[in-house]
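Right, one structure below, let's go through it.
Quick note on labels: first sequence line is chain A, next is B, and so on, each numbered from 1. The basis for the numbers below is simple: all heavy atoms, side chains too, and nothing from hydrogens, waters or symmetry mates.
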Protein chains: 2
Amino acid sequence: MEDAKNQSAARATGSATEPGLGLADELPGGRARPKTGKSEQTRAVILETAMRLFQERGYDKTTMRAIAQEAGVSVGNAYYYFESKEFLIQGFYDRMTHDHAEDATVRMRGVKDFSDRLEIALISWLDTAAEYHEFAAQFFRTAADPDSSLSPFSNESHPARATAVALFREVLDGSDLAPKLDAELAELLPDLLWLHLMVVVLYWVFDRTPDTERTREFVRRSTPVAARVLGLSRYRVFRPIVRDAKSLIQDFILPTIGRTAVK
Amino acid sequence: MEDAKNQSAARATGSATEPGLGLADELPGGRARPKTGKSEQTRAVILETAMRLFQERGYDKTTMRAIAQEAGVSVGNAYYYFESKEFLIQGFYDRMTHDHAEDATVRMRGVKDFSDRLEIALISWLDTAAEYHEFAAQFFRTAADPDSSLSPFSNESHPARATAVALFREVLDGSDLAPKLDAELAELLPDLLWLHLMVVVLYWVFDRTPDTERTREFVRRSTPVAARVLGLSRYRVFRPIVRDAKSLIQDFILPTIGRTAVK
DNA sequence: ACCCGCTTTTGAACATGTTCAAGGTCGGCT
DNA sequence: AGCCGACCTTGAACATGTTCAAAAGCGGGT
């Protein structure tokens, strides 16, 4: 559990932040390394090829040899840029998060009702992720490993989560519910709504209905309930229970998922 | 996603129900097959050996070759009894569920307060699972695969879940809370509490504190909140929201997790 | 005793993720 | 030009889960 971290690894760092179309024109005369751009390009080719093959054949059926061959490089070269096969998934993760945030923002424009905004954000995720549902299960298995850096919670260095949480902050802030809420609670909500998305994702992964219609219905049904619970939270009677829930979330949930926004 | 199910597999069926000490003395002159007991014994030896090695070295570090060698059989023979390496995990799963139910029942004896009973049941699970925490992560990754028959929800043929749900029914029924609850809600609760356990398990898998102290604290803090929410549910004001939540659970949660008790 | 068919067992072969020592490329320095 | 060192690239070798055709028990019918 504490080993296997000292081989030739330690390469394949950073990047993975670009949605996929980067060509490294930026920072022409960078820090201290020449950075011909050639290297970045090789990396990009490998990633693009992998993502395409994953989508065409699924994760398990896509071999590293096939990726290397299609990308026109050697197997070892792929490993020079990506620590393991799993790390190639990161590409999807980042791209999806980016696309989702963009799409949801557009769709929410003009909508004020919190429940509606939340539903839009979640449905938007389902639409964005739709084309990957086929092999999402295999990808999910990997993401569930706490030791993997691909785990949605835990493991720092995940700007994707920050992007997603920011989106949910927008869901809340742009709604008519925001001004009515307790400030402290409002502070926790973006992370909590992201957690709601994680639950939806879990549901979605297991969903085998056509077009994941069941998950969509689940979203349509659960968002109004969530909205209603939040709406009620400001009444006096609930003061104590809201306090409990808040501290529970603050002390035990957020610290575990990477405290994106907490101070 | 729909293939690889027609090879030499289809063996390695049933069983996996015994906590581990079965020797097949029962049913001496069984149905139609001789069933020397030899076969069952080989299977048992392989399973026991595998479980021991998993515990000693972890899941990934235990090779099928090592299991076979230690068990004194050939690799192929292990595959004759177990469809894959993952299926060996089932042994743990079943044993733990059994031990947990037994231990929790004893510990709850005499305790009436619902919150206390729930806490006992959950802490009991943590104690039962403690020795496996080391390699639980690796096991968890497998369990997260919707296509795997080891997934805690979905995939029928899991008596373990029924056992666990029955335990939580006992948690509720033996408490002072039971008579105060709406009958319909009470019917859903066992499954819901089992879901609570699943959340705790998720938390536990990611928990790296000594003796998983953080998870224990999480349990101690979350059970009173759960109890309070349930206690409140019988008041009139909440009628509508309870109704919403109930139908949400009934229509979307339970059917997905294998409707252990629903009718 | 012998053969038949079934279950059980074997071990070599296969597939695929991963490693690694060796070599190649390239920009700059002398 | 020629060399240096860092960065890239290669492909064979390795580790391990899995398959499969063949062989080895084994029980009963003749």
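- Straight-line distance from the CE atom of A:Met64 to the P atom of C:dT16: 13 Å, rounded to whole Å.
- Residue contacts for A:Val75: at a heavy-atom cut-off of 4.0 Å it reaches a base atom on one of the strands shown.
- Residue-to-nucleotide proximity on DNA chain C shows that, of A:Thr63 and A:Asn77, the 5′-proximal contact is made by A:Thr63.
- Ion pair B:Glu70/B:Arg52 flagged as a salt bridge, since at least one NZ, NE, NH1 or NH2 atom sits closer than 4.0 Å to an Asp/Glu carboxylate oxygen.
- Distance CG (A:Asp60) to C1' (D:dT18): 14 Å, rounded to an integer number of Å.
- The shortest distance between the side-chain N/O atoms of B:Tyr80 and the OP1/OP2 oxygens of C:dT9 is not below 4.0 Å.
- The distance from the OG atom of B:Ser39 to the OH atom of B:Tyr80 is 6.0 Å, given to the nearest 0.5 Å.
- Taken to the nearest 0.5 Å, the CZ atom of B:Arg141 stands 12.0 Å off from the OG atom of B:Ser148.
- Contact annotation: B:Thr42 side-chain N/O to C:dT8 OP1/OP2 distance is not under 4.0 Å.
- Proximity note for B:Ser74 (side chain, C-beta onward) versus D:dT18, C:dG17, C:dG11: the nearest is C:dG11.
- Per the geometry, OH belonging to A:Tyr79 stands 13 Å off C1' belonging to D:dC14, to the nearest Å.
- Using a cutoff of 4.0 Å between basic side-chain nitrogens and carboxylate oxygens, A:Asp207 and A:Arg216 are not scored as salt-bridged.
- Taking atom CD1 of residue B:Ile89 and atom P of nucleotide D:dG17, one finds them 12 Å apart after rounding to whole Å.
- As rounded to whole Å, 15 Å separates atom P of C:dG17 from atom CD1 of A:Ile46.
- Two residues, A:Gly76 and B:Arg65, neighbour DNA chain C, and the one matched to the more 5' nucleotide by heavy-atom proximity is B:Arg65.
- With salt bridges taken as basic N to acidic carboxylate O contacts below 4.0 Å, none links A:Arg169 and A:Asp191.
- Within the structure, every side-chain polar atom (N or O) of A:Ser39 is placed at least 4.0 Å from both OP1 and OP2 of D:dC7.
- At whole-Å resolution of the value, CD in B:Glu83 and C1' in D:dC20 are 16 Å apart.
- As a whole-Å value, the separation of B:Glu86 CD from D:dT16 C1' is 14 Å.
- Between C:dT9 and B:Tyr81, a contact under 4.0 Å exists linking OP1 or OP2 to a side-chain N or O.
- Distance B:Glu40 CD to C:dT9 P: 11 Å, rounded to the nearest Å.
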